[in-house]
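Just below is one structure, and these are the notes that go with it.
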2 protein chains.
Amino acid sequence: MENTSTVESAKQKLNDWLDKGIIVSGNKLPSERELEELLGVKRMTLRQALLHLEGESKIFRKDRRGWFVALPRFNYNPSSATSFKQAAIEQGRLPSWGYLSKERVHAAAPNILALLGVKEGDALYKICGWGALDNHKVFYHETFINAQVAPDFIEQLGEGSFAEAWETIYSKKTHTKHLEFKPTRFSGSACKGIGGTPGTPSIRVKKYRADEADKIVQIDIEYWRFESVEFFIDL
Amino acid sequence: MENTSTVESAKQKLNDWLDKGIIVSGNKLPSERELEELLGVKRMTLRQALLHLEGESKIFRKDRRGWFVALPRFNYNPSSATSFKQAAIEQGRLPSWGYLSKERVHAAAPNILALLGVKEGDALYKICGWGALDNHKVFYHETFINAQVAPDFIEQLGEGSFAEAWETIYSKKTHTKHLEFKPTRFSGSACKGIGGTPGTPSIRVKKYRADEADKIVQIDIEYWRFESVEFFIDL
DNA sequence: GAGTGGTCTAGACCACTTT
DNA sequence: AAGTGGTCTAGACCACTCG
């Protein structure tokens, strides 16, 4: 009669409730203590079920804030000229973003300096920020820019997007030259910046952007929430 | 004196032992029961530590077989003409692969048929297999091929690689036309094919390969072990 | 301040792998 | 047959969030 009270059965019930839209009022799931009662499993077991559903992109976590019904995946073409903002709108999503820090620095990882063609000790810009869809943060980024190529970039950027700044202020059309995808887990600044749970899988996307002369002018390192995105590239 | 006996401390100790190469004889870690004693933590706690280290690519699991010291990440360019075999050798790794099934089928997902230009009810080939580095399986794949474009592909393939078959037998040079990266978790056939633990994060790579006339002749769906790979693309 | 998520303990049983 | 990994129970404490 009663089911086997295992992770699998808990998952199925939760899945049902999610599909049917019941129980899950608004967007937040009931607390774990309520759920363990509703599902007839213990806390650690429930946790497994929730973690599995997280992996299947049905739900997601905000650190210390609980579990939420997942939003659709974002279809992202990192090589496209289309900005995050525009792509989001095209997919019927509400984009937003913020900057956590904008610094003029004189040091960075050696390979960053080399790629940007910045001499040891010379200035470059480091900008950290996040991007969100429907008010849910989906990526954190660190961006490096050659200060010689784009003087006063920080001031010019304001609250606008990178693409806008490049085109409007420096009249440069940039294109993606190189891409890297590395499966990792959230930790450190990416974790804080996005409000992610440490240890949760994530994808690090590294992007070199170049100008018309094929000179690398910007390096982006983005950390995406594992379940919130899907990448595609046309060649 | 004794540390706080938390996940973090267990991780640090394990990390130490891994770095120094002690405790870890051969390639397999001691059993979980031994480790809980050595580290002074309980099983579920140890498990958290191990899972974290798995996420950081220091160790990996074989289903029901235990924990192993991780191998280096494979640097994989999915758009390159270079075959898996060749790329592996260039990175000083020992590649191997196997086929789990080779079928002539008359049905597949509608979008697969459409992309390959196979009419409803017509034949296509479905080939499932795996790839390994240093005798550790790192990906599982399902490949679909238009039977009209490459008659008798299954027979011609033998135990060789796809690239070899296309070039030698059909004298076609193929190139990657489209790529998709989707973070998922292991389940179903991919899980079995690779000996992965269900629920473990993985990356699904979808690849359309086309001939000189830009006609799609092959669709690859690969499921990669999360921690064993890093992708890059030059544009 | 109550409630909640994150973490941890100290056991247990089963299915599978290995010896 | 013994050992091991996978799973589950029934508690507990702490740090943080939220009302």
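Quick caveat: nothing in here was measured; it's all calculated off a predicted structure. Reminder, nothing fancy here: chain letters follow the sequence lines and each chain counts from 1.
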| Think Thr45(B) has a side-chain N or O under 4.0 angstrom from the OP1 or OP2 of dT7(C)? | no
| message | Can you measure Lys28(B) atom NZ to dT17(C) atom P for me and round it to whole angstrom units? | response | 14 Å
| said: Can you confirm if the NZ or CZ of Lys62(A) lies within 45° of the ring axis of Phe68(A) and under 6.0 Å from the centre of its six-membered ring? | reply: yes
| If only side-chain N and O atoms of Ser31(A) are considered, is one of them under 4.0 Å from the OP1 or OP2 phosphate oxygen of dG3(C)? | no
| query | Excluding sequence neighbours, so at least two apart, what forms side chain to side chain contact (heavy atoms under 4.5 Å, CB included) with Gln156(A)? | reply | Asp152(A), Ile169(A), Tyr170(A)
| said: What is the distance, to the nearest angstrom, from the CZ atom on Phe68(A) to the C1' atom on dT4(C)? | reply: 12 Å
| Centroid-to-centroid, Phe181(A) to Phe232(B), below 6.0 Å? | no
| request: Using a strict 4.0 Å threshold on nitrogen-to-oxygen distance, state whether Glu54(B) and Arg61(B) make a salt bridge. | output: yes
| said: What does the B/S/- profile of nucleotides 12-19 of chain D look like, 5' to 3', with a 4.0 Å heavy-atom cutoff to protein? | reply: BB-BSSS-
| Met44(B) CE to dT9(D) P: how many Å, rounded? | 10 Å
| said: Please confirm whether the ring centroid of Trp166(B) lies under 6.0 Å from the ring centroid of Phe153(B). | reply: yes
| said: Whole angstroms only, please: what is the CD-C1' distance between Glu37(A) and dG3(C)? | reply: 15 Å
| note | Looking only at dT7(D), dT4(C), dG6(C), the nucleotide nearest the Val7(A) side chain is dT7(D)
| request: To the nearest Å, give me how far apart CG (Leu35(A)) and C1' (dG5(C)) are. | output: 12 Å
| Whole-Å gap separating P (dG5(C)) and CD1 (Ile59(A)) | 11 Å
| message | I'd like to know if the side chain of Gln91(B) and the backbone of Asn75(B) have a donor-acceptor N/O pair within less than 3.5 Å. | response | yes
| task | Could you tell me the separation between the CD atom of Glu32(B) and the C1' atom of dA10(C), rounded to a whole number of Å? | result | 16 Å
| request: Give the rounded distance in Å between these two atoms: CZ of Arg61(B) and C1' of dT17(C). | output: 16 Å
| field | Trp97(A) versus Glu159(A), side-chain donor and acceptor atoms under 3.5 Å | value | no
